[in-house]
Amino acid sequence: MQYNFNEIEAKWQKYWSENQTFKAENQSDKPKYYVLDMFPYPSGAGLHVGHPLGYIASDIYARFKRHKGFNVLHPQGYDSFGLPAEQYAIQTGQHPAVTTEENIKTYRRQLDQIGFSFDWSREVRTSDPNYYKWTQWIFIQLFESWYNNDTNKAEAIETLISKFASEGNAHVNAVCDEDVAVFSAETWNNFSSKKQQEILLQYRLTYLAETEVNWCPALGTVLANDEIVNGVSERGGHPVIRKKMTQWSMRISAYAERLLQGLDTIDWTDSLKESQRNWIGKSIGASVSFSVNNHDEIIEVFTTRPDTIFGVSFMTLAPEHELVSQITTEEQKAEVEAYIEKTAKRSERDRMADVKTISGVFTGAYAEHPFSKEPIPIWIGDYVLAGYGTGAVMSVPCGDQRDYAFAKHFNIPIPNIFEGVDISEEAFSDKDKTVIANSDFLNGLPYKKAMKRAIFELEKIGQGEGKTNYRLRDAVFSRQRYWGEPFPVYYVNGMPQMIDKAHLPIRLPDVEKYLPTETGEPPLGRADVWAWDVKQCSVVSNELIDNETVFPLELNTMPGWAGSSWYFFRYMDAHNDLDFASEDALKYWENVDLYIGGSEHATGHLLYARFWVKFMKDRGFVGVEEPFKKLINQGMILGTSAFVNQLNYVFRYKNEADLIEDTPTASIYFKHVYISNSLVNDNSKVEELLFELINKDSEYKVLKDYIDSGKFEQKPELFFYDKHVDVSFVNSSDELNIESFKNWREEFNNVEFITEEDGTFKVKREVEKMSKSKYNVVNPDSICEDYGADSLRLYEMFLGPLEQYKPWNTAGITGVHGFLKKLWKLYVDDNGIKVTNSEPSKDSLKTLHKTIKKVEEDIENFSFNTSVSTFMIAVNELTAEKCTSREILEPLVILMSPYAPHISEELWHQLGHEESISTVAFPKFDERHLVESSKNYPISFNGKMRFTLELPMDMSKDDIEKAVMAHEKTQAQLEGRTPKKVIVVPGKIVNIVG
RNA sequence: GCUCAAGUGGCGGAAUUGGUAGACGCGCUGGAUUCAAAAUCCAGUUCUUUCGGGAGUGUGGGUUCGAUUCCCACCUUGAGUACCA
């Protein structure tokens with residue numbers, strides 16, 4: 001019987017699906033284990049071989065845990081809201097729901113053929129109204145909550161309202177907007193309802209605010225900072241400008257400290273935790289208020305070095321700082337305005353690229369030093385960022401290199417306040433070695449003490465206090481898109497109102513076009529039926545808006561991370577209509593034990609999900625503080641792109657007089673000539689071939705004309721332009737199939753090739769991200785067809801460590817495929833199964849138990865690549881031993897089943913079992929089988945002598961000493977010296993000392 | 001600049017409480033089988049050599065009887081982040 005993988009795989013995939021083999025129950029006697037993949041966005045291009053890497057890893061782990069007796073939840077779903085479907089809809093007019101549905105079908109088919117053990121009965125889709133109903137519900141809960149700093153958790157907004165009604169807001173310690181006015185209980189109660197709502201909005205965990213956003217005119221939407229790369233949009237590369245808009249925001253800053261602390265409780269990689277820590281950006285210091293001379297204004301700054309307060313010799317404000325216009329003197333006005341205008345023109349990019357240039361302007365105003373009362377000149381400079389801290393700094397040139405450079409540049413004095421430190425060349429910022437001098441009450445104090453004292457004194461005079469600052473800022477939650485969750489919000493007198501839970505979901509309305517409206521409103525502005533009738537409690541036509549019972553609905557939609565911030569809870573109870581998940585299900589599954597996905601979500605999804613979970617915990621909706629206990633980042637599988645070298649000749653003009661518009665060169669660009677990669681370095685040969693071509697073909701006469709004109713240097717310079725070629729036209733020796741390439745597209749029909757002498761044409765190779773546009777995509781479908789899903793699974797694991805980035809190379813798959821054939825032959829021959837009940841040999845028992853031990857360790861450590869090698873060795877050894885013993889071969893096939901489930905399941909049934917292999921217990925490792933009879937002990941003697949001595953394995957320490965001593969005695973006799981003393985060191989080594 | 005990760009044959013990569021470096025696979029070489037090819041099987045494959053051996057895990061030091069593994073400095077590559085006061 002042959003190893004017919006296609007037949008076997010189809011058979012068992014059908015079996016698993018029909019028998020619901022991997023359906024997880026919400027209660028069980030077994031311990032629970034939750035293995036989750038980051039769910040995919042179903043793109044139109046389908047899966048390539050890079051996508052399943054993480055899924056294969058998590059599937060191996062999930063299957064392993066089932067063998068180990070766990071009740072495993074291993075679900076999958078789709079993050080199906082997103083920009084690509086919308087872009088496609090804009091171009092084609094197709095409803096995103098339709099294309100999304102099609103893409104999901106492709107994904108499902110491709111996932112199924114790889115044989116994952118997903119429980120598809122729990123599938124979720126973020127764009128499904130039954131799912132986003134609960135996304136909307138969570139949004140409402142955020143709206144109905146505020147963050148109480150006293151209890152350090154989120155509370156229902158009603159508790160805040162009753163506090164306001166009974167005592168005002170003076171003693172309320174909440175995370176809120178900075179500009180909240182103080183009011184008494186009486187004033188509160190006399191406020192109009194609208195005024196009350198306005199104030200409450202300043203406290204809610206999601207709130208409307210006028211925010212400066214990154215507006216991308218081409219996409220008609222707002223982008224998050226992490227969606228902008230180098231000043232242009234990540235998708236499409238369109239320019240991005242700053243614009244003010246009223247947007248929903250999430251008060252994630254309330255959770256900054258808990259998000260930071262929580263990192264210590266979870267098992268994530270250090271690098272990932274580090275990037276979250278950096279993103280949160282905690283710094284401890286003080287805020288200090290400086291009064292401005294001759295003005296009422298106060299400038300507040302944040303500093304991490306209050307101990308250097310006596311070193312302040314100037315202040316710097318960001319050019320965008322709101323006080324700049326008020327404090328600037330008449331004389332300086334023109335200069336300051338010119339500077340502000342100049343910096344506003346510079347793009348973020350320019351400002352970043354040009355860190356070294358120092359620029360700034362004096363405002364003419366002076367602030368007063370809180371202690372010395374000396375006047376301090378106030379400058380503006382673009383090295384101070386409006387977005388961080390208060391947008392103003394107290395500049396201490398002796399202690400901060402940027403302040404130092406600024407002071408040097410503008411000849412501002414640099415007072416030294418450090419004991420025994422030379423600051424003539426650069427600033428001194430080593431906190432540990434700091435001793436303060438020339439600083440009144442801080443003299444002689446080291447950094448930490450000086451800092452405490454400074455804060456104490458500042459508080460005493462009411463001009464400052466200790467403060468912790470976070471870089472993490474509130475997250476904008478509105479998107480001007482169509483294909484996202486609609487907000488369950490309507491507006492009465494401009495104030496947002498939440499729609500009651502009973503009427504959710506608020507479904508996406510139909511629109512004619514998916515573009516923003518002509519007036520710049522989001523696409524939902526095009527909807528005709530998009531108003532809320534508070535009497536009927538339903539969405540009605542816009543025409544009925546009457547300011548009494550029918551009101552306009554929110555036009556924005558939620559961002560991509562809304563649906564992905566809580567989906568792991570929905571899998572626990574995916575079909576619940578009454579709740580996002582039942583209490584029992586939440587209590588049983590708790591949180592994700594193992595989460596596998598890419599590291600690109602380090603500061604996006606992974607931070608937002610943690611934020612939402614903490615909020616849901618505070619409000620009692622869930623019982624866990626962190627969503628993902630353990631997290632593994634799988635690396636990416638890269639593609640090996642192929643390029644043809646397109647010729648490009650550049651001619652340099654001889655005489656300046658001939659230059660056209662100062663361009664020193666003229667170039668000819670040979671669209672139709674490609675040159676084999678191994679020839680590109682041989683210029684003389686290229687020229688020879690090319691000139692041959694010129695004489696032959698009139699199309700290249702222009703080159704001849706150039707040369708004959710005499711205006712140019714004799715020798716043109718040669719450049720090559722790389723052009724992507726579909727990798728399917730290239731064989732493993734980098735040779736291009738010229739015919740296929742010519743037929744690929746019309747423009748290539750008549751191209752010329754400069755080939756090797758043997759007529760072959762070599763392409764250039766480069767490793768890049770796998771992508772449709774780079775024509776380097778390898779499709780898993782064809783791999784499954786040619787080698788089978790088990791081969792694909794094993795090979796993806798075998799490629800290298802899970803976390804690493806590695807290029808795909810289809811050639812290598814023959815190795816693991818050959819191994820599977822060997823495995824098959826070990827069990828089955830032409831007459832069917834050949835496994836017998838014969839007694840296993842010692843050697844085969846040893847092979848088996850060695851394999852059990854290694855594979856179990858590997859899975860626990862996620863070193864799946866070395867397991868595959870271990871299997872190969874085991875099968876080679878058992879084949880060599882002609883092992884047919886059931887006692888060996890049955891456990892072996894269980895070991896294999898997480899990695900290669902189809903072949904294992906088939907062999908398991910051939911061995912006469914009825915039940916699925918996935919329910920069988922993992923083989924137990926027995927150390928006794930590994931015990932060797934003897935072992936080579938390395939013996940060393942003061943580094944001068946070294947030999948090995950073969951001794952029985954089960955010898956005691958004393959016996960080893962005796963044996964080595966005996967050996968040493970004979971050795972010493974032979975060499976005519978006195979024997980040395982022998983000491984056995986715990987471990988593998990024996991030392992002999994003099 | 002800072003933070004993190006990593007440098008081992010032609011290639012992907014094994015090997016750490018410090019103990020025979022290069023497992024396993026690809027590729028390559030030779031052989032068997034075949035009319036031939038594919039497939040399969042067997043042997044070899046770090047470099048070097050006067051066939052005794054010698055060198056060898058990015059570079060230079062150090063600790064150790066012994067270092068791919070630990071320490072110091074440097075170089076290179078990748079990732080993240082960026083004027084964070």
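Residue numbering restarts at 1 for every chain, and letters A, B, ... go by the order of the sequence lines.
Sparse packing is recorded around CD of A:Q2, with 12 or fewer heavy atoms of other residues, nucleotides or ligands lying under 6.0 Å away. Within 6.0 Å of CD in A:E768 there are more than 12 heavy atoms belonging to other residues, nucleotides or ligands.
Distances were taken from every side-chain heavy atom of A:R471 (C-beta onward) to each of B:C26, B:G25, B:C84; the shortest belongs to B:C84. In the set B:A14, B:G13, B:A85, the nucleotide with an atom closest to the side chain of A:L385 is B:A85. Considering only side-chain atoms of A:T814, the nucleotide from B:A23, B:A85, B:C26 that sits closest is B:C26. Side-chain atoms of A:D382 lie closest to B:C83 of the nucleotides B:C83, B:A23, B:G13. When each of B:C24, B:A85, B:C26 is scored by its nearest atom to the side-chain atoms of A:T304, the top-ranked nucleotide is B:A85. Side-chain atoms of A:F798 lie closest to B:C24 of the nucleotides B:C24, B:C26, B:U3. Of the listed nucleotides (B:A82, B:G12, B:U40), B:U40 has the atom at the smallest distance from the side chain of A:K821.
A sub-4.0 Å separation between OP1 or OP2 of B:A23 and a side-chain N or O of A:T870 is absent. OP1 or OP2 of B:A14 has at least one side-chain nitrogen or oxygen of A:N865 nearer than 4.0 Å. Within the 4.0 Å cut-off from OP1 or OP2 of B:A6, not a single side-chain nitrogen or oxygen of A:Q804 is found. Close to B:C84, at under 4.0 Å from its OP1 or OP2, lies a side-chain N or O of A:R402. Taking only side-chain nitrogens and oxygens, A:Y388 comes nearer than 4.0 Å to OP1 or OP2 of B:A85.
B:U81 atom P lies 13 Å from atom CD of A:Q276, rounded to whole Å. In this structure, CZ of A:R277 is placed 19 Å from C1' of B:A82, rounded to the nearest angstrom. Rounded to whole Å, the distance from CG on A:D858 to C1' on B:A23 is 13 Å. The distance from atom CD1 of A:I309 to atom C1' of B:A85 is 13 Å, rounded to the nearest whole Å. In this structure, the CG atom of A:D403 is 15 Å from the P atom of B:C83, given to the nearest Å. The distance from atom CE of A:M872 to atom P of B:G12 is 17 Å, rounded to the nearest whole Å. Rounded to an integer number of Å, the gap from CZ of A:F290 to C1' of B:A85 is 12 Å. In this structure, A:E857 places its CD atom 15 Å from C1' of B:A14, rounding to the nearest Å.
The six-membered or imidazole ring of A:F314 lies away from that of A:F362, with a centre-to-centre distance of 6.0 Å or more. Taking the six-membered ring where the residue is Trp, the centroids of A:W824 and A:F5 are separated by 6.0 Å or more.
For B:A85 and B:A6, the C1' atoms lie 34 Å apart once the distance is rounded to whole Å. Here the separation of B:U77 from B:A23, taken at their C1' atoms, is 26 Å to the nearest Å. One C1' atom belongs to B:G44, the other to B:G10, and the distance between them is 16 Å to the nearest Å. When the C1' atom is compared between B:C65 and B:G12, the two are found 36 Å apart, to the nearest whole Å. Comparing the C1' positions of B:A67 and B:U20 gives a spacing of 14 Å, expressed to the nearest Å. Comparing B:G52 with B:G62, their C1' atoms sit 33 Å apart, to the nearest whole Å. Rounded to a whole angstrom, the distance from the P atom of B:A32 to that of B:A14 is 37 Å. Nucleotides B:G22 and B:U16 have their P atoms positioned 14 Å apart, rounded to a whole Å.
Within 4.0 Å (heavy atoms only), A:K822 reaches sugar-phosphate atoms of the nucleic acid but no base atom. Within 4.0 Å of A:P801, counting heavy atoms only, lie sugar-phosphate atoms of the nucleic acid but no base atom.
Between A:E274 and A:R277, at least one side-chain N (NZ, or NE/NH1/NH2) sits under 4.0 Å from a carboxylate O, which counts as a salt bridge. At a threshold of 4.0 Å, the pair A:K854-A:D858 counts as salt-bridged, since one of the basic side-chain nitrogens sits closer than that to a carboxylate oxygen.
In this structure, the side chain of A:Y339 engages the main chain of A:D382 through a donor-acceptor pair within 3.5 Å.
In terms of position on RNA chain B, the residue among A:L799 and A:G391 whose nearest nucleotide sits closer to the 5' end is A:L799. The nearest heavy atom of RNA chain B to A:K825 and to A:S283 marks one nucleotide each, and the one closer to the 5' end goes with A:K825.
Pairing for B:C84 is absent, with no Watson-Crick or G-U wobble pair whose two atom distances lie under 3.5 Å. Here B:C74 sits opposite B:G58 as a Watson-Crick or G-U wobble pair (both hydrogen-bonding atom distances under 3.5 Å). Pairing for B:A32 goes to B:U40, judged as Watson-Crick or G-U wobble with the two contacts each under 3.5 Å. Remark: B:C51 base-pairs with no nucleotide in the shown strands. Criterion, Watson-Crick or G-U wobble with two distances under 3.5 Å. Across all strands shown, B:U45 pairs with B:G27; the Watson-Crick or G-U wobble distances both stay below 3.5 Å. Using Watson-Crick or G-U wobble geometry with both donor-acceptor distances under 3.5 Å, B:U16 finds no partner in any strand shown. The partner of B:U3, taking Watson-Crick or G-U wobble pairs whose two distances both stay under 3.5 Å, is B:A79. Of the nucleotides present, none pairs with B:A67 by Watson-Crick or G-U wobble criteria with both distances under 3.5 Å.
Considering A:I56, A:I813, A:I783, A:T810 as possible partners of A:Y795, the one that fulfils the side chain to side chain contact (heavy atoms under 4.5 Å, CB included) test is A:I813.
Closest of all the heavy-atom pairs between A:I414 and A:A407 is CG1-CB, 3.9 Å.
Glycosidic torsion of B:G9 falls within 90° of 0, placing the base in syn. Classified by its glycosidic torsion, B:G52 falls in the syn category, the angle being within 90° of 0.
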